[in-house]
There are 2 protein chains.
Amino acid sequence: MKGETKHKVQQMLKSARLRRTKPRSDILTALLKAHQPLTREQIAERIGACAPNKVTIYRALETFVAADIVHKAFVQNRTWYFELSHHCTADQCHPHFCCRCCGRTDCLHELHIPMTADSGGYIIQHQRVQLEGLCPKCSKSA
Amino acid sequence: MKGETKHKVQQMLKSARLRRTKPRSDILTALLKAHQPLTREQIAERIGACAPNKVTIYRALETFVAADIVHKAFVQNRTWYFELSHHCTADQCHPHFCCRCCGRTDCLHELHIPMTADSGGYIIQHQRVQLEGLCPKCSKSA
DNA sequence: TTGTTCTTGCAACTGAGTTGCATTTGATGT
DNA sequence: ACATCAAATGCAACTCAGTTGCAAGAACAA
Ligand SMILES: [Zn+2]
Ligand SMILES: [Zn+2]
Ligand SMILES: [Zn+2]
Ligand SMILES: [Zn+2]
């Protein structure tokens with residue numbers, strides 16, 4: 001169990017040709033366990049007492065994004081949410097939903113948004129779709 | 001020409017039941033003439049020397065968004081870009097493209113992105129699509 | 001015109017993210 | 001195991017878009 005996660009994380013770093021350090025492993029582990037996008041602060045909280053410095057976390061995430069291990073999923077309240085990119089194709093990430101009532105955000109892995117029209121000379125390397133509205137719970141209680 | 005814009009702007013404020021003040025008129029005029037999303041700072045630049053205080057601009061924009069006159073189009077470098085919402089349907093705004101090479105952003109009014117799958121209980125009130133890649137110019141010179 | 005309410009401007013504040021630099025650490029070769 | 005060096009970390013100070021509180025000013029209805 002734990003060893004499996006640890007091994008997976010080490011493997012991710014190795015195949016991205018990045019140095020295996022404790023902060024990096026801890027950050028990737030937090031993201032791997034989360035199954036949802038996390039902010040820098042949430043990552044630190046989940047790592048706990050001996051979490052890396054915030055600068056270290058930002059720089060590690062930046063490195064991961066450059067290595068395409070991690071995506072910037074969406075922005076909310078001026079802060080970025082990060083998630084592992086293992087569910088995304090190169091050009092298209094899954095949509096993210098934010099509830100205007102309760103504020104929770106969900107990854108909509110199932111909801112596929114095809115891009116029909118040709119893009120007239122634009123080369124699209126990444127697609128980010130943000131949805132806002134009411135989540136199932138809030139829409140029932142409304 | 002100028003009178004027409006001015007009248008249009010006054011009409012927008014009136015039908016939204018908002019007080020017609022000089023700062024608000026100037027801000028809407030700037031957005032109307034721009035035909036592309038603008039930041040708070042860009043709005044101030046376009047208004048010129050007697051531009052309203054930045055707090056006033058932010059508060060006016062906030063009011064416009066609440067009244068659905070203006071949309072928050074996208075975020076870039078931690079700053080919001082605002083645009084008139086007259087091209088958007090209630091639930092879907094047009095996609096915005098940002099070039100990773102030259103940094104310019106475009107409104108892709110033509111590119112329609114249909115939402116196929118049913119959204120399983122979610123009520124989607126707004127869709128924001130951000131595209132990143134290479135613009136026609138940059139993709140040619142690359 | 002008067003009075004009420006909404007709007008504006010200013011100054012001080014907030015907080016996510018960044019930068020510079022000294023220190024530590026992982027990887028590589030001996 | 002040890003030396004070496006580039007890369008990663010931690011800390012403090014900084015940046016800057018956006019916010020907040022409050023006093024003064026302007027729109028609008030009576
Ligand atoms: Zn909800
Ligand atoms: Zn996601
Ligand atoms: Zn370009
Ligand atoms: Zn647009």
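Within every chain, numbering begins at 1; the chains are lettered A, B, ... in the order of the sequence lines, protein sequences first and strands thereafter.
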Under-3.5 Å N/O pairs linking protein and nucleotides 3-6 of chain D:
{"residue": "D/dA6", "atom": "N3", "partner": "A/R19", "partner atom": "NH2", "Å": "3.4"}

Show the distances under 3.5 angstrom between N or O atoms of the protein and N or O atoms of nucleotides 21-24 of chain C.
none

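Rounded to whole Å, the distance from CD on A/Q76 to P on C/dA16 is 13 Å. If you measure from atom CZ of A/R20 to atom C1' of D/dT9, you get 18 Å, rounded to the nearest angstrom. In this structure, the CG atom of B/L18 is 12 Å from the C1' atom of D/dA27, given to the nearest Å. In this structure, A/L38 atom CG and C/dG17 atom C1' are separated by 17 Å, rounded to whole Å. Computed from coordinates, the A/Q10 CD to C/dA27 P distance equals 9 Å when rounded to whole Å. Whole-Å rounding puts the A/E62 CD to C/dA16 P distance at 18 Å. Distance A/Q42 CD to C/dG15 C1': 15 Å, rounded to the nearest Å. A straight line from NZ of B/K14 to P of D/dA29 spans 10 Å, rounded to a whole angstrom.
The side chain of B/R24 lies closest to C/dT8, out of D/dC28, C/dT8, D/dG10.
The side chain of A/T21 contributes an N or O atom lying less than 4.0 Å from OP1 or OP2 of D/dT9.
A heavy-atom distance below 4.5 Å is not found between the side chains of A/Q130 and B/H126. Between B/I69 and B/H86, the closest side-chain pair of non-hydrogen atoms is not below 4.5 Å. Counting only heavy atoms from C-beta outward, the side chains of A/C107 and A/E83 approach each other to under 4.5 Å. Counting heavy atoms from C-beta outward, A/V129 and A/H96 have side chains that stay 4.5 Å or more apart. Residues B/R100 and B/E132 form a side-chain contact, since some pair of their non-hydrogen atoms from C-beta on lies under 4.5 Å apart. Side-chain contact between B/L84 and B/L28 is present, with at least one heavy-atom pair separated by less than 4.5 Å. With contacts defined as side-chain heavy-atom distances shorter than 4.5 Å, the pair B/R128/A/R128 does not qualify.
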Base, backbone or nothing for each nucleotide of nucleotides 12-18 of chain D, written B, S, -, heavy atoms under 4.0 angstrom, 5' to 3'?
-> B----BB
For residues 52-64 of chain A, run the donor-acceptor check on the side chains, cut-off 3.5 Å, and write out each pair with its distance to 0.1 Å, sequence neighbours left out.
{"residue": "A/N53", "atom": "OD1", "partner": "A/V55", "partner atom": "N", "Å": "2.8"}
{"residue": "A/T63", "atom": "OG1", "partner": "A/R59", "partner atom": "O", "Å": "2.9"}

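In this structure, the side chain to side chain donor-acceptor pair (under 3.5 Å) partners of A/R104, at least two apart in sequence or on a different chain, are A/D106. Remark: B/R24 pairs with no residue by the side chain to side chain donor-acceptor pair (under 3.5 Å) rule, at least two apart or across chains.
A distance-only check finds no donor-acceptor pair linking the side chain of A/Q10 to the backbone of A/H7 [under 3.5 Å].
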